[in-house]
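First up is the structure itself, then whatever we jot down about it.
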Amino acid sequence: MNSNQKKLKQMIREEESSITDQEFFTSSAFHQYLTSQTRAATGRYCYGLQALISWDESDGAALAYTDSYKIYLNAANRVTQSFPSRFLRALSLVGMTGHETAHLLFTDFTTRNLYLTNLGNGSFYPEDPSVELPAYQKNQTEILDALQEKDKAVSLTLQTCAASLQNILEDIYIEARMCAAFPGSFRKGIQLNNLRMLEQIPDLHEQLSRDYQPFTIATNLLLAYCRSGTISNRYHSDSEYLDVLTDGMEYIDTALEAPSIRERLTATNCLLVLFWDFIKPLVEEMREKLEHQDETEATEELQDLLDQQIAGGTPIPLGKGGGEVKNIPSAKGGAGTDPQDADFFSFKGRQESLKEAEKVMAEEGGRIALAKTSAILDGNDPGVTYASQYAGTGYEDAASDIARVLNEAAAEKAQAAYEQQLTEELQKAANDIHYGNAHAGIHVTIHRVQDIPDRLIRQYEEVAPPLLRASKRLQSSILPLLKEEAEGGKQKNLLYGRRLDMRSFHHKDGSFFIRTRLPADEQRLAVGLLIDESGSMGWGDRITHARKTAIVLYDFCVSLGIPVTIYGHSTDYRGVALYSYAEFDSVDENDRYRLMDMIDRNGNRDGAALRFVAEHLAKRPENRKLLILISDGQPADTGYRGTEAEADLRGIKLEYARQNIVLFAAAIGEDKDAIQRIYQEGFLDITRLDDLPKNLTLLVKQYLK
């Protein structure tokens with residue numbers, strides 16, 4: 001392991017202990033982890049589904065939602081951040097991802113939208129409610145009469161309230177389906193979030209004291225019952241809310257166990273009848289709003305009120321641009337199919353789910369370390385195996401997964417810090433070089449892209465495939481030679497040597513000798529590529545062909561283990577501008593994407609740029625160093641042109657030849673005579689630009705032999 005890798009590993013270890021929640025959860029490593037989780041659940045039917053993570057600590061910030069194309073998560077949400085360890089917080093986000101994925105798998109969006117549209121227009125779907133309890137007959141009659149009279153205040157209020165009630169029933173149903181289908185990390189995360197959301201539902205006495213709307217009080221009690229099978233009433237208050245909820249339990253339990261959304265919609269209609277006395281105050285408010293606002297504004301205000309006072313609810317997904325969400329068919333079964341394990345929907349199943357979550361909390365509550373995956377039995381009765389109670393190995397896998405993701409996030413941060421240090425060291429090296437009298441007073445600035453934008457990655461992936469195939473073809477002939485050199489072995493059928501091969505005496509060409517080669521202990525070649533990025537390189541796609549050459553040469557060298565550095569050079573208002581695309585000591589594996597930032601810019605002061613890259617090469621331990629310049633003309637900068645510039649370049653070529661650095665200039669423009677006059681035997685005439693990548697790669701191959 002070289003010193004750079006050792007340094008990076010030390011930086012990663014230091015980052016692991018100091019990385020914050022915000023850095024960890026918003027890292028690309030954690031994003032990729034959650035994305036892989038949801039893609040595993042949705043399979044090949046929803047290619048491209050992604051989990052995107054933000055950090056929003058503002059009041060009223062969302063928990064999670066999906067538009068069926070992406071799952072959006074707020075890692076700073078109040079539920080996730082309430083857990084005492086990072087492992088539990090990570091598992092909470094996995095659970096939220098599982099919840100949104102479950103909607104895409106198991107919610108029948110088309111039927112739900114039809115239901116709400118009909119109700120907003122004044123009619124029930126799939127049928128009018130039929131509540132047989134005598135105490136609610138009056139409610140049922142009032143609702144049906146109001147809808148028949150096209151009372152818009154009633155229909156819009158019922159639509160908004162129905163959406164909240166149906167959403168609760170739907171959430172519990174799809175979560176149970178998800179837990180049954182995916183008993184690993186998704187189930188654990190969903191159970192943890194359920195436990196915490198249940199704890200965050202205000203007690204009945206607290207809701208009454210805070211003047212909650214009657215409908216939201218009843219709905220919170222419904223939510224608590226659906227999540228736990230119990231009602232939050234620690235002060236044992238006698239209340240009409242409890243009576244109504246008790247009367248509705250038969251409808252609720254039937255809805256939660258029903259595989260068809262139609263049965264949950266029917267139960268929602270019946271709950272509207274039972275809750276009618278609690279809904280009436282909202283109808284009157286809606287009636288007043290409609291006198292001054294349009295229907296959309298009035299409905300949105302009512303929805304905002306319900307969202308503020310109903311605890312622990314998450315929105316049903318909306319399609320992209322507000323359109324309808326499409327279900328994802330799945331090998332696990334899509335919306336409307338029978339669940340795999342009905343026990344999850346029962347009162348007993350909900351109680352067992354909470355107990356499992358409480359056990360995880362007990363195990364993890366005081367533990368921050370993420371790498372501890374084998375000690376989940378600590379403190380338990382030795383006669384009871386905790387994993388068997390917790391449905392397989394999902395919990396242990398989740399712990400090791402999060403430990404791995406933490407390491408990846410720390411590596412991501414450490415690599416960025418290392419690359420920043422590398423840029424600073426390069427600039428220091430540039431400042432320490434004596435560039436000669438021809439460049440007196442000229443400042444050299446090193447530019448290196450730190451954070452790789454997505455556009456560079458997309459551009460690379462668009463153009464690279466045929467170029468990489470060309471690189472692989474060029475590698476094929478040299479790879480056996482390098483492998484033989486690295487591994488050592490016997491060379492047979494030689495025309496001369498010290499040892500005879502007795503089995504080769506029958507050869508008529510005299511190839512009777514054999515030689516044993518020892519494994520090579522050191523690299524034979526390092527390569528530097530310097531590309532002119534002056535304005536004239538934009539003519540005739542010259543910079544495009546130079547960029548293609550850089551892609552091929554970089555892949556060729558990296559694939560064969562040849563150290564390579566690639567720079568572009570131009571001028572700016574301070575002097576010489578150098579652009580670092582590939583570095584010998586880079587560790588972030590993004591140099592291939594940096595090559596796409598190459599472009600024609602300003603002037604070219606070749607001597608200073610050549611001297612910097614030559615000094616860069618001179619520090620390498622390899623026996624041979626090859627420096628290739630791609631240029632379309634003579635140097636052209638203020639005070640640096642003509643015979644003085646040519647003399648400077650010839651002097652640089654001679655100086656570094658003494659340090660075993662071979663310099664070649666690939667002339668790709670019309671000023672080839674001047675370039676040949678400067679570089680003499682190091683001149684390469686590239687007539688066809690399409691041949692540039694192949695010719696320069698063949699040049700590198702020549703110096704490997």
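Nothing fancy with the numbering, it's 1 onward along the sequence. The shown structure was predicted, so the numbers you read here are calculated from the model rather than taken from an experiment.
Distance CG/L63 to CG/N193: 8.0 Å, rounded to 0.5 Å. Here E297 contributes atom CD and L302 contributes atom CG; the two are 14.0 Å apart, rounded to the nearest 0.5 Å. For the atom pair CG of L282 and NZ of K289, the computed distance is 8.5 Å after rounding to the nearest 0.5 Å. The CG atom of L223 sits 6.5 Å away from the CD1 atom of I172 when rounded to the nearest 0.5 Å. The structure places CG of L165 at 11.5 Å from SG of C270, a figure rounded to the nearest 0.5 Å. We find the CD1-CG distance between I279 and L272 to be 5.0 Å, quoted to the nearest 0.5 Å.
Residues L306 and F215 have side chains in contact (heavy-atom distance under 4.5 Å, counting atoms from C-beta outward). A 4.5 Å side-chain heavy-atom check between N269 and E127 finds every atom pair outside the cut-off. Residues I261 and F109 form no side-chain contact, since every pair of their non-hydrogen atoms from C-beta on lies 4.5 Å or further apart. For the pair I71/L52, no side-chain contact is recorded, criterion being any heavy-atom separation below 4.5 Å from C-beta on. In this structure, H99 and E175 have side chains that are in contact, with non-hydrogen atoms separated by less than 4.5 Å. Between R86 and I19, some side-chain heavy-atom pair lies under the 4.5 Å cut-off. Contact annotation: the side chain of Y173 approaches that of P259 to within less than 4.5 Å [non-hydrogen atoms, C-beta and beyond]. At a threshold of 4.5 Å between non-hydrogen side-chain atoms, the residues L147 and D151 do not count as touching.
Side-chain atoms of S36 come within 3.5 Å of backbone N or O of Y33 as a donor-acceptor pair. Between the side chain of Q81 and the backbone N or O of A75 there is at least one donor-acceptor pair closer than 3.5 Å. Looking at R112, its side chain does come within 3.5 Å of a backbone N or O of A163 through a donor-acceptor pair. In this structure, Q22 contributes its side chain and W55 its backbone to no donor-acceptor pair below 3.5 Å. At least one donor-acceptor pair under 3.5 Å links the side chain of N139 to the backbone N or O of V273. Within the 3.5 Å criterion, the main-chain N or O of L104 finds no donor-acceptor partner in the side chain of T107.
For the 3.5 Å distance criterion, the side chains of D307 and Q303 qualify, holding a donor opposite an acceptor. Checking T20 against E23 by side-chain atom types alone, a donor-acceptor pair falls below 3.5 Å. Judged by distance alone, the side chains of S54 and D56 never bring a donor and an acceptor atom under 3.5 Å apart. Between Q213 and E285, the side chains place a donor N or O and an acceptor N or O closer than 3.5 Å (distance only, hydrogens not considered). Residues T101 and T38 bring a donor and an acceptor atom of their side chains to less than 3.5 Å of each other. Under the 3.5 Å distance criterion, with hydrogens and angles disregarded, a donor-acceptor pair is assigned to the side chains of E301 and Q293. In this structure, a donor-acceptor pair under 3.5 Å is absent between the side chains of N220 and Y212. Checked by atom type, the side-chain pair Y225/D253 shows a donor-acceptor distance below 3.5 Å. If you check the side chains of T268 and Q166, you find no donor sitting under 3.5 Å from an acceptor. For T80 and R89, the side-chain atoms include no donor-acceptor pair closer than 3.5 Å.
Scanning all heavy atoms of the two residues, the minimum distance from A218 to F275 falls at CB-CE2, 3.8 Å. For the pair T35 and A51, the tightest heavy-atom approach, listed with the atom from each and the gap, is OG1-N, 3.1 Å. For the pair A64 and E100, the tightest heavy-atom approach, listed with the atom from each and the gap, is O-OE2, 3.4 Å. Minimum heavy-atom separation, P126 to L265: CD-CB, 4.0 Å. Contact record, C226 with I168: SG-CG2, 4.0 Å, taken as the closest heavy-atom pair. When all heavy atoms of S82 and R196 are compared, the pair lying nearest together is OG-NE, 2.6 Å.
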| message | Before you tell me yes or no, could you show the steps for S92 and L192 under side chain to side chain contact (heavy atoms under 4.5 Å, CB included), namely the whole-Å CA-CA distance, both residues' side-chain angles and the distance that decides it to 0.1 Å? | response | CA-CA 6 Å; S92 169; L192 279 174; 5.7 Å; no
| task | Go through V94 and F186 one step at a time and tell me if the side chain to side chain contact (heavy atoms under 4.5 Å, CB included) criterion holds. | result | CA-CA 6 Å; V94 172; F186 277 143; 3.8 Å; yes
| task | Evaluate the salt bridge (Lys or Arg N to Asp or Glu O under 4.0 Å) criterion for residues R227 and D171: first the C-alpha distance (whole Å), next the side-chain angles of each, then the deciding distance (0.1 Å), finally the verdict. | result | CA-CA 9 Å; R227 289 198 183 282; D171 278 353; 5.0 Å; no
| task | Would you please test F278 and Y241 for side chain to side chain contact (heavy atoms under 4.5 Å, CB included) and show each step? | result | CA-CA 9 Å; F278 308 140; Y241 296 105; 3.6 Å; yes
| message | Between H31 and Q50, does the side chain to side chain contact (heavy atoms under 4.5 Å, CB included) criterion hold? Intermediate values first, please. | response | CA-CA 8 Å; H31 158 262; Q50 287 184 300; 3.9 Å; yes
Going by atom type alone, with no hydrogens or angles, which donor-acceptor pairs under 3.5 Å involve a side-chain atom of residues 116-125 and a protein atom two or more places apart or on another chain?
unit_1, atom_1, unit_2, atom_2, d
T117, OG1, N113, O, 2.8
N121, ND2, T117, O, 3.2
S123, OG, N118, O, 3.4
Y125, OH, R262, NH1, 3.1

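Annotation: D294, atom CG; neighbour count of heavy atoms from other residues, nucleotides and ligands within 6.0 Å is above 12. Other residues, nucleotides and ligands contribute only 12 or fewer heavy atoms inside 6.0 Å of the CD atom of E250.
By the 6.0 Å and 45° rule, R187 does not stack over the aromatic ring of F182.
Evaluation of the salt bridge (Lys or Arg N to Asp or Glu O under 4.0 Å) test over residues 264-282, restricted to residues two or more places apart or in two chains, returns E142-K280, E170-R264, D277-K280.
The aromatic rings of F24 and F30 sit tilted, their planes meeting at an angle between 30° and 60°.
V154 pairs with exactly one of R287, M286, E149 by the side-chain contact (heavy atoms from CB on, under 4.5 Å) rule, that one being R287.
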